[in-house]
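Both ligands and their constituent atoms are indexed starting at 1 by order of listing. Computation of the quantities below employed the complete heavy-atom set of this structure, encompassing side-chain atoms and omitting hydrogens, waters and symmetry-equivalent molecules.
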Amino acid sequence: MAKRAAGLVIFRRIGEQIQYLLLRASYGDFHWSSPKGHVDPGEDDFTTALRETKEEAGYSEEDLIIYHDKKKVLNYKVNDKPKVVIYWLAQLKDPNKEPMLSDEHVEMKWLSKDDAKRTVGYKDNQDMIDEFHEIILKLQ
Ligand SMILES: Nc1ncnc2c1ncn2[C@@H]1O[C@H](COP(=O)(O)OP(=O)(O)OP(=O)(O)OP(=O)(O)OP(=O)(O)OC[C@H]2O[C@@H](n3cnc4c(N)ncnc43)[C@H](O)[C@@H]2O)[C@@H](O)[C@H]1O
């Protein structure tokens, strides 16, 4: 069975700019991703996404506008085992509220779409950012 994780792709608006939050892992290949993590037994994906966002970035549901109908699913392999990651799009209400990191991450950045795509590196994640970005532009 595939390993399952869930999280939120969080963006903020700073003036005319749209920026995406990325966190850098404190382990392994020190990769960058949106807040997300393993779905615990009996937990639904959305509950996981909220819990992991609180644990990893310090943001609660009240800090965010969550677009429940804007969801993307990534499928990839980690150590040859399939993994599925479900992400919802979310906007940080107060763009000046900085995240509070846990010991799972060593660094955070707010990045433009193109810098976020470069930083995550993986094609499916880049495509997801593009798709979410188009959705955000239509929200304005
Ligand atoms: N590897 C590790 N070593 C030590 N402690 C660990 C660990 N992973 C988690 N932990 C610890 O385990 C505990 C439970 O964590 P928890 O967050 O609850 O569970 P998790 O499932 O491990 O969480 P994540 O899904 O966020 O894990 P990840 O960052 O490894 O996954 P990702 O898919 O991004 O990344 C996994 C790999 O896939 C790669 N990858 C990411 N995105 C893609 C993609 N789109 N396509 C292909 N490969 C990708 C990454 O570069 C990376 O190599 C925590 O204490 C945590 O610190």
Side-chain angles (χ1 to χ4, degrees):
M1 206 168 72
K3 185 176 177 185
R4 197 170 183 90
L8 299 179
V9 172
I10 299 176
F11 72 97
R12 69 176 183 180
R13 295 179 191 273
I14 292 277
E16 295 297 300
Q17 286 184 54
I18 294 162
Q19 295 179 330
Y20 296 88
L21 177 65
L22 290 178
L23 310 177
R24 189 178 194 200
S26 58
Y27 48 82
D29 55 3
F30 302 99
H31 58 287
W32 292 83
S33 74
S34 300
K36 58 109 178 59
H38 179 67
V39 178
D40 285 343
E43 192 175 46
D44 66 79
D45 298 337
F46 187 68
T47 301
T48 301
L50 288 181
R51 177 180 56 74
E52 291 284 349
T53 298
K54 182 67 183 169
E55 288 172 10
E56 296 188 349
Y59 295 138
S60 329
E61 194 169 6
E62 297 72 44
D63 293 314
L64 302 161
I65 301 166
I66 298 172
Y67 296 93
H68 291 266
D69 58 338
K70 311 299 183 199
K71 178 172 114 171
K72 301 284 169 199
V73 180
L74 301 189
N75 287 279
Y76 51 92
K77 286 192 172 171
V78 180
N79 299 325
D80 281 333
K81 292 188 184 137
K83 179 167 182 175
V84 54
V85 188
I86 300 100
Y87 284 108
W88 282 267
L89 180 64
Q91 179 178 355
L92 183 63
K93 290 179 186 168
D94 175 1
N96 296 312
K97 182 165 182 173
E98 292 296 344
M100 284 175 49
L101 301 193
S102 70
D103 58 7
E104 291 181 44
H105 296 97
V106 283
E107 198 180 346
M108 58 73 61
K109 282 183 179 171
W110 287 103
L111 295 166
S112 68
K113 179 191 73 162
D114 289 340
D115 286 342
K117 286 172 63 181
R118 254 191 300 278
T119 301
V120 295
Y122 298 103
K123 171 81 168 61
D124 57 349
N125 203 333
Q126 293 173 335
D127 290 346
M128 174 174 71
I129 292 170
D130 274 333
E131 286 173 43
F132 276 148
H133 200 78
E134 287 305 308
I135 290 168
I136 294 166
L137 293 179
K138 286 180 191 147
L139 294 172
Q140 288 174 326

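Nearest protein heavy-atom contact of atom 41 (C) of ligand 1 is Y122 CE1, 3.5 Å. Nearest non-hydrogen protein atom to atom 38 (O) of ligand 1 is V78 CG2, 3.6 Å. The nearest protein atom to atom 45 (N) of ligand 1, hydrogens excluded, is given as D124 OD1, 2.8 Å; this is a heavy-atom distance. Atom 35 (O) of ligand 1 has its closest protein heavy atom at H31 NE2, 3.1 Å. Considering only non-hydrogen protein atoms, atom 53 (O) of ligand 1 sits nearest to D29 OD2, 2.7 Å. The nearest protein atom to atom 33 (O) of ligand 1, hydrogens excluded, is given as Y76 OH, 2.4 Å; this is a heavy-atom distance. Atom 54 (C) of ligand 1 has as its closest protein heavy atom E104 CD, 3.6 Å. Nearest protein heavy-atom neighbour of atom 3 (N) of ligand 1: Y27 CD1, 3.4 Å.
With a 4.0 Å heavy-atom cut-off, ligand 1 is reached by the side chain of K3 but not by its N, CA, C or O. Heavy atoms of H38 found under 4.0 angstrom from ligand 1 belong to the backbone as well as the side chain.
The aromatic rings of Y20 and H133 sit tilted, their planes meeting at an angle between 30° and 60°.
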- Task: Just do the side chain to side chain donor-acceptor pair (under 3.5 Å) check on W110 and E98 with the steps written out, would you?
- Result: CA-CA 10 Å; W110 287 103; E98 292 296 344; 3.1 Å; yes

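Among R4, K36, M128, the residue whose heavy atom sits closest to atom 26 (O) of ligand 1 is K36.
Between F46 and H68, the ring center distance clears the sub-6.0 Å criterion.
Salt-bridge formation is detected for the pair R51/D40: a Lys NZ or Arg NE/NH1/NH2 atom is positioned less than 4.0 Å from an Asp or Glu carboxylate oxygen. Remark: K113 does not engage E134 in a salt bridge, criterion side-chain N to carboxylate O under 4.0 Å. Using a 4.0 Å cut-off between a side-chain N of Lys or Arg and a carboxylate O of Asp or Glu, R118 and D115 qualify as a salt bridge.
Closest approach of L8 to A49, counting heavy atoms only: CD2-CB, 4.1 Å. The nearest pair of heavy atoms linking G37 to T48 is O-CG2, 3.4 Å.
For ligand 1 and E52, the ligand atoms under 4.0 Å from any heavy atom of the residue are 17 (O), 18 (O). For ligand 1, the atoms lying closer than 4.0 Å to a non-hydrogen atom of K83 are 24 (P), 25 (O), 27 (O), 28 (P), 31 (O), 32 (P), 33 (O). The atoms of ligand 1 that sit less than 4.0 Å from any heavy atom of E56 are 17 (O). Taking every non-hydrogen atom of A5 and a distance limit under 4.0 Å, the qualifying atoms of ligand 1 come out as 25 (O).
Under the 4.5 Å side-chain criterion, counting only non-hydrogen atoms from C-beta, E56 is in contact with L23.
A continuous path of ILVMFWY side-chain contacts below 4.5 Å connects I66 to Y59, so both sit in one hydrophobic cluster.
In this structure, atom 14 (C) of ligand 1 is not in close contact with the protein, since no protein heavy atom lies within 4.0 Å of it.
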